[in-house]
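Below is one structure, written out as C-alpha cells; the observations come after it.
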Number of protein chains: 2
Amino acid sequence: LSSDTDVSDNDVVEGVEVRVAKSIYMVSDGTGWTAEHCVNAALGQFDYCLVDHGCPVNTHLFSGIDDAEKLVEIIKQAAKQGALLVYTLADPSMAVYAKQACKLWSVRCTDVLGPIIEEIASHLEVSPSGLPRGASGRNFPLSEEYFRRIEAVEFTIKQDDGACPQNLAKADIILTGVSRTGKTPLSIYLAQKGYKVANVPIVMGVEMPKTLFKVDENKVFGLTINPVVLKNIRKARARTLGFGSEARSNYSEMDHVRQELEFAGRIFAENPVWPVIDVTGKAIEETAAVILRLYHDRKQKFTMPTISKRY
Amino acid sequence: LSSDTDVSDNDVVEGVEVRVAKSIYMVSDGTGWTAEHCVNAALGQFDYCLVDHGCPVNTHLFSGIDDAEKLVEIIKQAAKQGALLVYTLADPSMAVYAKQACKLWSVRCTDVLGPIIEEIASHLEVSPSGLPRGASGRNFPLSEEYFRRIEAVEFTIKQDDGACPQNLAKADIILTGVSRTGKTPLSIYLAQKGYKVANVPIVMGVEMPKTLFKVDENKVFGLTINPVVLKNIRKARARTLGFGSEARSNYSEMDHVRQELEFAGRIFAENPVWPVIDVTGKAIEETAAVILRLYHDRKQKFTMPTISKRY
Ligand SMILES: Nc1ncnc2c1ncn2[C@@H]1O[C@H](COP(=O)(O)O)[C@@H](O)[C@H]1O
Ligand SMILES: Nc1ncnc2c1ncn2[C@@H]1O[C@H](COP(=O)(O)O)[C@@H](O)[C@H]1O
Ligand SMILES: [Mg+2]
Ligand SMILES: [Mg+2]
C-alpha cells in the first residue's frame, strides 16, 4: 500500500510505463470500513505481485451510498474503468439492484456481507432488519460498551510511555519493553478494542516504576524483538526525529541495542509470569491478537484459546 | 454488545431464564479481526433482537488456527454447541477441509474472504498465494506506510486536548469542538488510518490558540452535537470522573451546555471554510468516514467523493 492520494490508473515511473493498475471499487451504505478491511486482507493474498511486481491495484472507497441513483453512477463508472465492485448494502432492494446493474453492464462484483447475514438469519431464525447503519429511525445506542471504549482510549493516551505509574493498577493490560518495540501503537490498538492499557518503557540504567511489580502479574506483557531488526527500526526513527549523530549512535548502534535487549531480558527473567512476546516481523494487529489470546485464555471453558463476547 | 467475559450460553437473569444464546464461532489462520469485523457489522442487522430482545448471540474468536487438527477440534465443538462457523483460511486445502468437515458434522458455515479473493484473482488474472499472513517465509514489510501509521499515532497522542499548538501546522487534520464531542477517540481512530491529527478543545472563556487560524483552513473540522444528547453524555462523564456536584452542575447543566455550543457556533461561523459535522447519534467510525470523505474530496477526479489508495 503506497500513497493514498494518487488516483491515476496508468503510471509512468522514471519514463517507463508500468502495467495499468486495475481498480477495485468499494461501495457501502455505511462507512465502507468493512469492505475496506476485507479487500485489504484479501489483497494480502496478492502481496507478491502488487505495486512493484506487475499487478498494481487502485482501490476507491465510496461510503454513504444509500440511494439507487448514486449507486448507478458508480457502477457505470466502474464499467467504464473495468473495475471490480465490492459492496455492502443492507437494504435488500439496493443489493439486488447492484447485482442486476453489474450484470447489465458486465461489471464483476461481490457482496461482502450478504452471505454472512443470510447464514446468521437462518441460524437465529429471525430476519435481518435491512436497515443501513445510518438509517433514520435507528436510535443510536449510547451503550455502556460505547463509553467503555472511549474511556479505554482516553486512559491509554494518558498512560503512554510510562506516564502516571500510580495508575498501573487500573490498567487491564500493561505492556513493557525497550524503545521501538511498538508499545505505543499496540497500546492504542488494544484501547480501541476496549482495554485500558498502560505501557512502561524499559531503558537501561533507568529504574522501572515500583508499582509495576505490585500489580496483578497476569496483566503484564513483555515485548522483545530481534536486535538487528530493532537496530534498523531505530536507525529509521533517529532519522525521522533528526537526532544528532552522537545520540543516534548510542540509540541505534548494534552493541547498545543488544545490551538493552539483554537488560530487558533479565527483567523478564525475574518476572517469569509475564509472557514475553517476540514482535519481530509482526504487524501491530498480529501482536494484539497474540496478547488478547493469552489475556482471555485464563477465563476459558474451551481447550483452544478464544475471545468470547455476548451480543 | 455487552461484557466480553461471559461465555455461558444459557443465562438466568433475575431468576427468569432467557432464551439460550446462539453461538457464532469465528476462525482464522491470522488474527481473526477480519471475521470479527464482518460478524460485528452483520449483527448490526439483528440489533433489534440481540441481548435484551430475545435472540442473544455469543461469539467465540479463534485466531492463529493454522493446522487441520485444531480446525477439526473447533468444528467438532461447534457441532456439539450448534454453532455457526465463520472462517477466513488462506490455505485452500484448509478452506476445503473446513467446508467438508462442516458438511460432515452438519455445521452451518460461511467463508468470509474466499469469494472476494476469487473475484480479485480473476480480475487481476493472477493466483492468490494461499499463504496465511503469519506463514514463515513471508517477510514482513517494514514499509513506509507502516512507519507512517505509527508516526501518525504517536503524533496524535502528543497533540491531544490542545497540547503543543505550535505543531498544528504539521497535522493533516485538526478537529475542534466543545468537550465530549468525541475529539479524542475520533483523533485516534483517524490516526490509526495514517493521518496525523490534532484536536483543539473549545472552552467558553478560553482563547483558542492563534496558530489554529494560521494553518491551512481546509484541514480544520468543527464538531457539533445536539445539546440534550451532549448534556446526557456529560452527566455520564461527570459521574465517571467523580466531579463534585458543583463542578458537575456547571459542566453538564442544560444552560451551560447550550451557551457553550453557541459559543462554538460563533467560532465556526467566523471560519466558514471549516466543515461543521454534527456527531449526534454517530459512532466514531461514522464521523471518521464523513471527515475522510470531505478530506479526500478536494483531490478527486470522481463526481462522487471517494477515498483512493494504491496497492
Ligand atoms: N450497527 C449497525 N446496524 C445496522 N447495520 C450496520 C451496522 N453496522 C454496519 N452495518 C451495515 O453493515 C455494512 C457495512 O458497514 P460499514 O462498515 O459501515 O460500511 C453496511 O451495509 C452497514 O449498513
Ligand atoms: N498481509 C497478509 N498477507 C497474506 N494474507 C493475509 C494478510 N492479511 C490477512 N491475510 C489473510 O486474510 C485472512 C484474514 O486475516 P485476519 O484478519 O488476520 O484474520 C486470513 O486468512 C489471513 O491469513
Ligand atoms: Mg512509545
Ligand atoms: Mg479529549
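For the numbers below, each heavy atom of this structure counts, side chains included, while hydrogens, waters and symmetry mates do not. Every chain is numbered from 1 and lettered A, B, ... according to where its sequence line falls, protein lines coming before strand lines.
- Sulfur-sulfur distance for C49(B) and C55(B): below 2.5 Å, consistent with a disulfide.
- Proximity to chain A is limited to the side chain of L113(B), based on heavy atoms less than 4.5 angstrom apart.
- The residue among S129(A), A42(A), A191(A) with the most heavy atom pairs within less than 4.5 Å of chain B is S129(A).
- In this structure D172(B) satisfies the side chain to side chain donor-acceptor pair (under 3.5 Å) test with no other residue, sequence neighbours excluded.
- Between chain A and the options V86(B), I74(B), I116(B), the largest number of non-hydrogen pairs under 4.5 Å is found for I116(B).
- E151(A) touches chain B through its side chain: at least one heavy atom from C-beta onward sits under 4.5 Å away, while N, CA, C and O do not.
- With a 4.5 Å cut-off on side-chain heavy atoms, Y25(A) and Y87(A) do not count as touching.
- Among L84(A), I157(A), I117(A), the residue making the largest number of heavy-atom pairs under 4.5 Å with chain B is L84(A).
- Heavy-atom distances place the backbone of A83(B), and not its side chain, under 4.5 Å from chain A.
- Contacts between V153(B) and chain A at a heavy-atom distance below 4.5 Å involve the side chain alone, from C-beta outward.
- For the options T31(A), L43(A), T59(A), heavy-atom pairs under 4.5 Å to chain B are most numerous at T59(A).
- For Q192(B), the part lying near chain A is the side chain, with the backbone staying farther off; criterion is any non-hydrogen pair under 4.5 Å.
- A salt bridge links R148(A) to E145(A): one of the charged nitrogens lies within less than 4.0 Å of a carboxylate oxygen.
- Only the side chain of E125(B) has a heavy atom closer than 4.5 Å to any heavy atom of chain A.
- A donor-acceptor distance shorter than 3.5 angstrom exists from the side chain of D29(B) to the backbone of A90(B), with no hydrogens or angles considered.
- Between chain A and the residues I24(B), I150(B), I120(B), the most heavy-atom pairs under 4.5 angstrom are made by I120(B).
- Chain A forms more heavy-atom pairs under 4.5 Å with one residue of M26(B), R108(B), E73(B) than with any other, namely R108(B).
- Side chain of N58(A) to backbone of R310(B): no donor-acceptor contact under 3.5 angstrom is found.
- A salt bridge is absent between E119(A) and K22(B); no separation between the charged side-chain nitrogens and carboxylate oxygens falls under 4.0 Å.
- Considering only heavy atoms from C-beta on, K76(B) comes within 4.5 Å of V72(B) through its side chain.
- Annotation: maximal heavy-atom pairing with chain B below 4.5 Å, among A289(A), G194(A), G32(A), G64(A), occurs at A289(A).
- Residue S122(B) touches chain A through both its backbone and its side chain, counting heavy-atom pairs closer than 4.5 Å.
- For the pair R133(B) and E285(A), the salt-bridge criterion is met [side-chain N within less than 4.0 Å of a carboxylate O].
- Both the backbone and the side chain of C38(B) come within contact range of chain A, judged by heavy atoms closer than 4.5 Å.
- With hydrogens and angles disregarded, a donor-acceptor distance shorter than 3.5 Å links the side chain of Q45(A) to the backbone of G130(B).
- Top candidate by heavy-atom pairs under 4.5 Å with chain A, chosen from T110(B), V290(B), I65(B), T34(B), is T34(B).
- The candidate with the highest count of non-hydrogen atom pairs below 4.5 Å against chain A, out of A121(B), G30(B), A152(B), G54(B), is A121(B).
- Ranked by non-hydrogen atom pairs under 4.5 Å with chain A, the options Y189(B), W33(B), F46(B) are led by W33(B).
- When the side-chain contact (heavy atoms from CB on, under 4.5 Å) test is applied to S28(A), the partners found at least two apart in sequence or on another chain are T88(A).
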